[in-house]
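Report on one structure; see the data block that follows.
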Amino acid sequence: MTKIVSRFAPSPTGFLHIGGARTALFSWLLARSQGGEFRLRIEDTDRERSTQEATDAIIDSMRWLGLEHDGEIVFQSERADRHVEVIDQLIASGHAYYCDCSKEDVDAMREKAMKEGRKPKYDGTCRDKGLTSGVVRLKAPLEGATGYKDMVKGFISVENTEMDDMILRRSDGTPTYNLAVVVDDHDMGVNRVLRGDDHVNNTPRQILIYRAMGWDVPEFGHVPMILGPDKKKLSKRHGALSVMEYEKMGYLPEAVTNYLARLGWSHGDQELFTMDEMVELFTTDGLGNSPSVFDLTKFEWVNGQYMQKADPDRLAGLLCDFLAREVGEEEAKAVTRERFALIAPLLQPRAKSVLDMLEQARPFIVDVSFLPYDEAAVQKFLTAETKPMLEEIAGRMEGLAEFTEPALEELHKGFIEDRDIKFKVIAQPLRVAITGKTQSPGLFETMVVLGKEQTLARIRRAVEL
RNA sequence: GUCCCCAUCGUCUAGCCUGGUCCAGGACGGCGGCCUUUCACGCCGUUAACAGGGGUUCAAAUCCCCUUGGGGACGCCA
């Protein structure tokens, strides 16, 4: 059995978007699950639209997602000579020919065909003219059908009369996409091509080239696309498209890959998969064949699951990075990673993203003098009735030798027993006093993380409000 | 217009290939409840779907055909 070699071949005309990322993930999974190789090729033959920034963005995104590729990255633009070499072979072997029809001629043909209810295509005028210049076209078979077994869609077949003699080499001598893809995939030893649905129509054409060259035809698979909530192709107006935007919004890469994998792939009822599990369980049988809608709500749930499981120290590192992005490196240094590592565990069950966690961490990282208060909460809970109680609690805390959760619990228990009240009576007032808000992690754990000094200062300031 | 593809709860999906165990299962969301010092988390319950029509069959979500709806492609772009 030969080793599986799959690939991802984006054109660097923009950042890596969610759809591309999913295709890359499936392709990566296909190779990794079989102990094969996963190659990366940048299809930068469109010099007008390709940019270095886009290339970098794609590579960065792949790295962030953990989709490591094998071997060197292949740049299609550097392989023009080889493409031309293959085209020459095709001409020599009679599988391709020159055509000097003008663009206007061909457009006219198409229009005519369309009018007559046929598929618009080049009519093969120059097929047997034996020309020696112009564009080079593939001499496609006139009869029969070209079919293949798609890894996700099953058997697909197209009548050869539906396909025209596609251009292999433009009049300026450069190779076209379909030719370049075939040559590169062949030369790279690619034997599994998993790509977007939009390439289904190209596949039979490409198979024709493989056959003309006498090369082994890889197995193809076409994954359906991702739709926006309106069921239209996912685009900018649906919000975040770029993989790196998700990074900026504080989502975890493993949540992105998990969610993306489940969008179009399944393994029974399982929802959560680590990368290792996916590698272990992935098969193309699990791939669905209908387009799916990207559901941000479910994605956030997945991310929340990973936030809960994440190592606090890792989260702390991310929190530092995000804070630095917000207030600058210098300012951010005021809050240490160790500090965040203490806060993170309290916030893990309630944060949807790193950004969200940073927001919730706010009361923990500012000094009492900068603590913002929720006005309505202050009005409601810091009353003439509760303030004296808070004052007394602060007084009792003063004498606490050990500022720990059990000790604090003991202290409050004593307080409510002495006063013969329910804990409820002072819980929210205390919360508002020390966090400024009505929602926060557990009171005692919050106090411990805040520390005795800060906790006391906050309660005392609250009494003055 | 022509060709190709697709079609199960609002959404992601299991089941379909190898008809019966499916008056269709799971997850997100919604709703209700429990837990609880708040919010979350967690737990329990509930809501909601086989696009329509014909066949085939003792039996169809599952097989066949048609219709409808959606998408994609039809470039000297990739």
Side-chain angles (χ1 to χ4, degrees), chain A residues 9-13 43-46 48-50 76 99 101-103 106-107 110 113-121 134-137 150 152-154 156-159 161-164 166-178 180-181 196-204 222 224-225 227 229 231-233 259 262-272 285-286 288-302 304-305 308 347-352 360 377 381 412 416 422-432 435 437-444:
Chain A
S11 54
T13 53
E43 311 218 314
D44 56 349
T45 47
D46 185 342
E48 298 289 296
R49 299 194 299 152
S50 299
Q76 197 161 57
C99 162
C101 290
S102 69
K103 203 170 166 107
V106 179
D107 284 347
R110 293 210 168 91
M114 184 96 87
K115 231 176 251 161
E116 291 169 5
R118 296 197 325 271
K119 185 161 178 140
K121 59 175 229 175
V135 299
V136 176
R137 289 181 180 275
D150 195 284
V152 352
K153 294 176 181 297
I156 291 179
S157 175
V158 176
E159 293 297 320
T161 52
E162 288 299 323
M163 293 189 270
D164 58 1
M166 64 178 155
I167 292 176
L168 266 20
R169 186 163 78 197
R170 303 182 185 102
S171 43
D172 68 357
T174 58
T176 57
Y177 169 74
N178 279 119
V181 168
D197 224 348
D198 48 337
H199 287 289
V200 181
N201 297 273
N202 284 326
T203 304
H222 295 88
M225 26 172 235
L227 274 24
K231 306 238 184 184
K232 297 271 186 232
K233 190 171 181 174
Y259 179 73
R262 277 292 288 106
L263 209 56
W265 177 79
S266 63
H267 182 262
D269 288 339
Q270 191 170 345
E271 295 288 345
L272 269 12
D285 291 346
N289 44 10
S290 53
S292 29
V293 174
F294 186 93
D295 181 16
L296 190 65
T297 309
K298 181 154 184 182
F299 169 59
E300 288 194 325
W301 173 78
V302 173
Q305 294 295 308
Q308 286 192 52
L347 265 20
Q348 277 180 276
R350 54 200 101 221
K352 290 199 310 278
Q360 294 188 45
F381 296 107
H412 287 83
I416 62 174
K422 295 249 189 222
F423 185 53
K424 265 190 159 85
V425 179
I426 52 161
Q428 283 303 73
L430 267 171
R431 189 181 311 280
V432 174
T435 68
K437 305 185 299 180
T438 53
Q439 301 164 13
S440 82
L443 239 20
F444 307 137

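Every chain is numbered from 1 and lettered A, B, ... according to where its sequence line falls, protein lines coming before strand lines.
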Exactly one of A/Asp197, A/Thr203, A/Asn289 should register a side-chain hydrogen bond (donor to acceptor under 3.5 Å, both in side chains) with A/His222. Which one does?
A/Thr203

What is the separation between atom CD on A/Glu300 and atom P on B/C41, rounded to the nearest whole Å?
12 Å

Quick one: is B/G1 close enough that its OP1 or OP2 comes under 4.0 Å of any side-chain N or O from A/Lys115?
no

Rounded off to whole Å, could you give me the NZ-to-C1' distance for the A/Lys153 and B/A7 pair?
12 Å

For A/Met114 and B/G75, what is the distance between atoms CE and C1' respectively, to the nearest whole Å?
12 Å

Would you tell me whether A/Thr435 and A/Arg431 have side-chain atoms, one donor and one acceptor, within less than 3.5 Å of each other?
no

Using a 4.0 Å heavy-atom cut-off, does A/Glu159 contact any base of the nucleic acid, only the sugar-phosphate backbone, or nothing at all?
nothing

In whole angstrom, give me the gap between the C1' atoms of B/A49 and B/G10.
10 Å

Name the nucleic acid region contacted by A/Thr174, choosing base, sugar-phosphate or nothing; use a 4.0 angstrom heavy-atom cut-off, strictly under.
nothing

In this structure, how many angstroms lie between the P atom of B/G10 and the CG atom of A/Asp295, rounded?
13 Å

With no hydrogens and no angle check, is any side-chain donor or acceptor of A/Gln360 less than 3.5 Å from a backbone partner on A/Leu347?
no

Within the 4.0 Å heavy-atom criterion, would you say A/His222 contacts the bases, only the backbone, or no part of the nucleic acid?
nothing

Categorize A/Cys101 for me: base, sugar-phosphate, or nothing, with a 4.0 angstrom heavy-atom threshold over every strand shown.
base

Report yes if a side-chain nitrogen or oxygen of A/Arg431 is closer than 4.0 Å to either non-bridging phosphate oxygen (OP1 or OP2) of B/A40; otherwise report no.
no

Mind checking the P distance from B/G53 to B/A60? Whole angstroms is fine.
14 Å

Should we count NZ of A/Lys437 as having more than 12 external heavy atoms under 6.0 Å?
yes

Using a heavy-atom cut-off of under 4.0 Å over every strand shown, decide if A/Pro229 touches base, sugar-phosphate, or nothing.
nothing

Atom-pair distance (CE on A/Met225; P on B/C4), nearest Å:
18 Å

With a 4.5 Å limit on heavy-atom distance, are the side chains of A/Trp301 and A/Tyr259 in contact?
no

Compare side-chain N and O positions of A/Ser440 against OP1 and OP2 of B/C39 and report whether any pair is under 4.0 Å apart.
no

Just to be sure I understand the rule, does A/Gln305 reach a base, reach only the sugar-phosphate, or reach nothing, if contact means heavy atoms closer than 4.0 Å?
sugar-phosphate

Need one value for A/Met166: base, sugar-phosphate or nothing, where a base atom within 4.0 Å counts as base even if backbone is also close, heavy atoms only.
nothing

Using a cut-off of 4.0 Å on non-hydrogen atoms, how would the nucleic acid contact of A/Arg110 be classed: base, sugar-phosphate, or nothing?
sugar-phosphate

Considering only the C1' atoms, how many Å lie between B/G20 and B/U56, rounded to the nearest integer?
16 Å

Map A/Gly442 and A/Pro120 onto RNA chain B by nearest heavy atom, then report which one ends up closer to the 5' terminus.
A/Pro120

Does a nitrogen or oxygen in the side chain of A/Ser292 sit under 4.0 Å from OP1 or OP2 of B/U13?
yes

Hey, is the side chain of A/Thr176 pairing donor to acceptor with the base of B/C76 inside 3.5 Å?
no

Under 4.0 angstrom, heavy atoms only, what part of the nucleic acid is A/Leu263 near: base, sugar-phosphate, or nothing?
sugar-phosphate

Base, sugar-phosphate, or nothing: which does A/Asp44 touch, judged by heavy atoms less than 4.0 Å apart?
nothing

Side-chain-base donor-acceptor pair under 3.5 Å for A/Asp269 and B/G25
yes

Can you tell me how far C1' of B/U37 sits from NZ of A/Lys422, to the nearest Å?
12 Å

Which one is paired to B/C74, where only Watson-Crick or G-U wobble pairs with both distances under 3.5 angstrom count?
B/G1

Taking the C1' atom in each of B/A61 and B/G1, what is the distance between them to the nearest angstrom?
34 Å

Side chain of A/Lys298: nearest nucleotide among B/A27, B/G71, B/U37?
B/A27

Atom P, compared across B/G54 and B/U62: separation rounded to whole Å
14 Å

Looking across every strand, which nucleic acid part, if any, lies under 4.0 Å from A/Ser266 by heavy atom: base, sugar-phosphate, or nothing?
sugar-phosphate

Just the rounded figure in Å: distance from C1' of B/A27 to CH2 of A/Trp265.
14 Å

With the side chain defined as heavy atoms from C-beta on, A/Ile167 is closest, among B/C76, B/G26, B/C3, to B/C76

Could you identify the nucleotide paired to B/U38, looking across every strand shown and requiring Watson-Crick or G-U wobble geometry with both distances under 3.5 Å?
none

Name the closest nucleotide to the A/Glu162 side chain, picking from B/C76, B/A73, B/U2.
B/U2

Checking all strands, does A/Glu271 fall into the base, sugar-phosphate, or nothing category for heavy-atom contacts under 4.0 angstrom?
base

For A/Pro175, does its backbone N or O pair with a side-chain atom of A/Arg170 as donor and acceptor, under 3.5 Å?
yes

Evaluate A/Thr438 against A/Phe381 for side-chain contact (heavy atoms from CB on, under 4.5 Å), listing each step before the verdict.
CA-CA 9 Å; A/Thr438 53; A/Phe381 296 107; 3.9 Å; yes

Answer with yes or no whether A/Arg350 presents, from its side chain, a donor or acceptor under 3.5 Å of a partner atom in the base of B/C41.
no

Check every strand shown and say whether A/Lys231 touches a base, only sugar-phosphate, or nothing at a heavy-atom separation below 4.0 Å.
sugar-phosphate

Between A/Val200 and A/Arg262, who's closer to the 5' end of RNA chain B by nearest nucleotide?
A/Val200

For B/G10, give its Watson-Crick or G-U wobble partner with both distances under 3.5 Å, or none.
B/C28

Just to confirm, is there a sub-4.0 Å distance from OP1 or OP2 of B/A7 to any side-chain nitrogen or oxygen of A/Asn289?
yes

Watson-Crick or G-U wobble partner for B/C43, using a 3.5 Å limit on both distances?
B/G33

Do A/Asp46 and A/Tyr177 have side chains that approach each other closer than 4.5 Å (heavy atoms only, starting at C-beta)?
no

Determine the contact category for A/Thr438: base if any of its heavy atoms lies under 4.0 Å from a base atom, sugar-phosphate if only primed atoms, P, OP1 or OP2 are that close, otherwise nothing.
base

Do A/Ile426 and A/His412 make a side-chain contact, defined as non-hydrogen atoms from C-beta onward lying under 4.5 Å apart?
yes

Distance, rounded to the nearest Å, where A/Gln439 contributes CD and B/U37 contributes C1'
13 Å

